[in-house]
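Okay, structure first, notes after.
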Amino acid sequence: MTALATVIPLPHKESKPIDRAAVSPEPVQLYGLIVIALLLHVPAMEQTGAPCSACAQAWPCPQVRLACRLLDGL
């Protein structure tokens, strides 16, 4: 009987730490950034055209518009 082949190499103590940003797929990162933008850029008041609480531009600000377009693209 022979030994099993190494399929997944285990990291050694001397090896470099794993870069978590490179491990997660790009769509997941993009979706996370979209959600953060939609959570941060909210209107300061409950009316259209009120200033954004994050960037003080008229709401919906360009960041929210871009986030919505990107979300539609996913």
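Small disclaimer: the values here were computed from a predicted structure and weren't measured.
Distance check, rounded to the nearest 0.5 Å: CG of Leu66 to CG of Leu70 gives 4.5 Å.
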Quiz item: Given Tyr31 and Leu71, is the side-chain contact (heavy atoms from CB on, under 4.5 Å) satisfied, shown in steps?
Solution: CA-CA 7 Å; Tyr31 187 77; Leu71 191 58; 3.6 Å; yes

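Formation of a donor-acceptor pair under 3.5 Å by the Ser53 side chain with backbone atoms of Pro43 is not found in this model.
Partners of Cys68 under the side-chain contact (heavy atoms from CB on, under 4.5 Å) rule, at least two apart in sequence or in another chain, are Leu38, Val64. Applying the side-chain contact (heavy atoms from CB on, under 4.5 Å) criterion to Ala54, with sequence neighbours excluded, gives His41, Cys52.
Within the 4.5 Å cutoff, the side chain of Gln63 has heavy atoms near those of the Cys55 side chain.
Linking Ile, Leu, Val, Met, Phe, Trp and Tyr residues whenever their side-chain heavy atoms come within less than 4.5 Å places Leu39 and Trp59 in a single cluster.
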